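All of these numbers come straight from a predicted model, not from anything done at the bench.
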Amino acid sequence: MENALASMVYLNNKDDKLEGHMAKQQYAPKKKSKIVPIHMGADFYYERAMRYLDKLNFQKALRYLRKAVEFEPNNPEYYCSMAGVLAELGKYEESNRILWHVLEEVDPSLDECYFYLASNYASMMEFELAEQYILRYLRNVPDSFYTEEAEDLLDYIEFYLQNTPRETENETDVEIVLQHDRARRLLEEGKFNEASRLLQTIVKEHSDFIAARNNLALCYYYMGRFEKAMETVQQVLKEEPSNIHGLCNLAVFYSHFRQQDELNELLVALKKIVPYHFDLAYKLATTLGILGEDEAAYFLFRKMISQAGQGDLYMLHYTAVAAYNTRRWDAAETFWRKVERLDPSEDIAPYYLKQIELQREGRQALAEASYHYQIPFQENLSFEITGSSANELNEVMQNNPLMRSSLLWALRFGDKEVKMQVIQAFEYIADKEVEEALRAFLMNPAEDDQLKKMAIFTLRKMGAPEPYQAIIGNQTQFIAFHLNPELPVWTEKWQRVVECLHSHMQERYDILKQQEAQALWLDYLSKAYPNVPAIRKQEAWAASLEYVVARRHNFSVTQEEVASRYGISVASLARNYKLITTVCRLCKEK
């Protein structure tokens, strides 16, 4: 087992290819300067990573492996090494995501990834799933470099499952289980539409696959299809009344629908259960924690840690959260200290340790900790949006499935301020899942019209195909900015007006007003084209747009004040103001 995880780091390395491997250094031609720049490639960073790995310095090894992947994003060896380091750090889920990326995007023929996935799932004590992956590996590669270790791992798994190896299981059955695991991964990453399509296919072809139906119920719930979610889980419990996953899902649904009597009755029953299997205990503990039953959750998490050991980063965090929420400050501190040692590159443990310090001093602190392994959503999202560049935001949103999931959830269930932040953040993700979420948002009659206008502007900036169907003012509308087929692509001069608007309005107006000004600019250009006046001074147009928004919302501001801040003449502002209001047929809001 230990060798299996260690092997992940040295994939395809049995010929000692790293020995004598030198970093490639390219020197720029010497001119007057005596400084010679060194251009370090992927080989250099990979060798450095291996050196730190030999010293068991996993954090620095991971840092250099990420650099190597940046230079060679299609090198499976680098990815597998990174997955191995993450597994050593107890980040099994993240390790699995990298391995699946190799199988789906980089090298689908790399069967060793199934062996590594099996090792990870065994370490997570999900032995039935681990068994499926190791059987898949042994079936695909019956005689390989890792065969002996794979057979040892299978023996280890079967010892915990306490049954005979199921080598007679056919390839179709194994494939179904692996497809379900992929759907579960999509669900965890917040890719609800893609997950639901895959789960529906599995359930349609294998109606007796209860686990897939339970996850489909969850998927419906996250997508806001609450009646469908309840119907699906009730069908599961009709066939298996004691199914723990189904009962946990039902408890969450009762909580959402505020069916407090039914929820209380179900919680009494759930708190009496002490599951033998690790995955069932994990599901029950997290459900109880989410529903505020932290005392019962703490008992189960402590029990699981005694089984799984102290190396599971997330399990330590969950136990610390349950301890914090039950006011066990010393226990919470102990577990978060362990998290900090395992994952010193993250700010999560220090954040919560600071909260414990504030609690002990009787100062204002976080009332309840979150079971999500991240800084609380409001603070985290605000930091990411205000403190990062567009490229940094894009990297965070694309590579942090938990953040993606939180954003999609908040778009459905957050308050108005949170939804504003989410819509703004979606601009930096700009993938199919986000587009579908925003389009669904536009058609929800319960959502705020101003938020929908923000969503339309975000879709437009993402390049999502028009028209955008939306219910605004209780009427279904089709919004298209490209009404004229000759309308050109977005120009640099038009963009400068947007940037000028942002720099002048961000300190004085909330996000909605800023987005409204930008949407107004887009509306004006679409309606005025092809007779758009020359943009000689972006400040003149930006000032006029701000003044239109200020007037519509009855702000006490004069043309002289706005013109002065933008460094333009009042005459220029007045002229453009008249053009914009005439073309867009706007009037001041009462």
Side-chain angles (χ1 to χ4, degrees), residues 442 448-461 463 466-506 508-590:
L442 293 177
D448 181 84
D449 283 354
Q450 284 295 334
L451 291 177
K452 289 179 180 177
K453 291 175 183 177
M454 282 182 63
I456 290 168
F457 188 73
T458 296
L459 284 167
R460 175 70 179 83
K461 292 183 77 174
E466 299 174 9
Y468 310 128
Q469 187 177 6
I471 298 175
I472 297 178
N474 296 319
Q475 292 184 342
T476 301
Q477 302 180 24
F478 289 87
I479 297 98
F481 297 102
H482 287 156
L483 297 177
N484 188 327
E486 301 300 320
L487 190 67
V489 296
W490 194 257
T491 71
E492 185 178 350
K493 288 184 178 181
W494 297 349
Q495 181 60 30
R496 285 176 187 164
V497 174
V498 173
E499 292 168 357
C500 185
L501 259 176
H502 176 71
S503 65
H504 283 79
M505 292 185 71
Q506 60 179 340
R508 295 173 173 267
Y509 300 85
D510 61 30
I511 296 173
L512 266 179
K513 304 302 184 301
Q514 295 176 51
Q515 292 279 0
E516 183 180 340
Q518 294 180 39
L520 176 60
W521 178 232
L522 196 62
D523 188 35
Y524 169 75
L525 293 171
S526 300
K527 289 177 178 175
Y529 186 82
N531 300 313
V532 179
I535 311 296
R536 295 189 177 87
K537 195 169 185 180
Q538 64 262 20
E539 289 84 0
W541 288 95
S544 304
L545 291 163
E546 178 185 326
Y547 186 66
V548 172
V549 171
R551 291 269 302 184
R552 293 188 71 196
H553 293 280
N554 294 316
F555 291 161
S556 179
V557 64
T558 65
Q559 291 187 4
E560 288 79 5
E561 291 172 2
V562 176
S564 175
R565 279 197 293 108
Y566 281 84
I568 62 168
S569 68
V570 174
S572 296
L573 186 152
R575 182 174 59 253
N576 290 344
Y577 171 79
K578 184 176 181 181
L579 277 172
I580 293 167
T581 52
T582 301
V583 170
C584 297
R585 293 178 182 160
L586 296 173
C587 60
K588 183 168 71 75
E589 286 188 354
K590 301 297 181 185

Taking every heavy atom of Ile568 against every heavy atom of Ala540, the minimum-distance pair comes out as CD1-CA, 3.6 Å
For Arg508, does the CZ atom sit with more than 12 other heavy atoms under 6.0 Å from it, leaving out its own atoms?
no
Of all heavy-atom pairs linking Leu501 and Ala542, the shortest is CD2-O, 3.4 Å
Report task. Check the side chains of Tyr509 and Glu546 for a donor-acceptor pair under 3.5 angstrom, ignoring hydrogens and angles. Result -> yes
Nearest heavy-atom contact between Leu545 and Ala517 is CD2-O, 4.2 Å
The reported gap from CG in Asn576 to OH in Tyr547 (rounded to nearest 0.5 angstrom) is 13.5 Å
query = With the threshold set at 4.0 Å, does a side-chain nitrogen-carboxylate oxygen contact exist between Arg496 and Glu492?
reply = yes
* Asked: Do Ser564 side-chain atoms and Glu561 backbone N/O form a donor-acceptor pair below 3.5 Å?
  -> no
Subject >> CA sep, side-chain torsions, deciding dist, call: Cys500, Trp541, side-chain contact (heavy atoms from CB on, under 4.5 Å) >> reply: CA-CA 9 Å; Cys500 185; Trp541 288 95; over 6 Å; no
Output for pair (Ser572 OG, Gln559 CD), nearest 0.5 Å, gives 11.0 Å
So CD of Glu539 and NE2 of His504: to nearest 0.5 Å the spacing works out to 6.5 Å
Tightest non-hydrogen contact, residues Arg551 and Tyr577, listed as NE-OH, 3.7 Å
In short, Ile456 meets Tyr468 closest at the heavy-atom pair CG2-CD1, 3.8 Å
Output for pair (Arg575 CZ, Ser544 OG), nearest 0.5 Å, gives 8.5 Å
Whether the side chain of Thr581 engages the backbone of Lys578 through a donor-acceptor N/O pair (distance < 3.5 Å, no angle test) should be reported.
yes
Is any side-chain heavy atom of Trp494 closer than 4.5 Å to a side-chain heavy atom of Val532? yes
Between Ala543 and Val562 the two heavy atoms that sit nearest each other are O-CG1, 3.6 Å
(message) Please determine whether side-chain contact (heavy atoms from CB on, under 4.5 Å) holds for the pair Lys452 and Ile471, giving the CA-CA distance in whole Å, both sets of side-chain angles, and the decisive distance to 0.1 Å.
(response) CA-CA 9 Å; Lys452 289 179 180 177; Ile471 298 175; 3.9 Å; yes
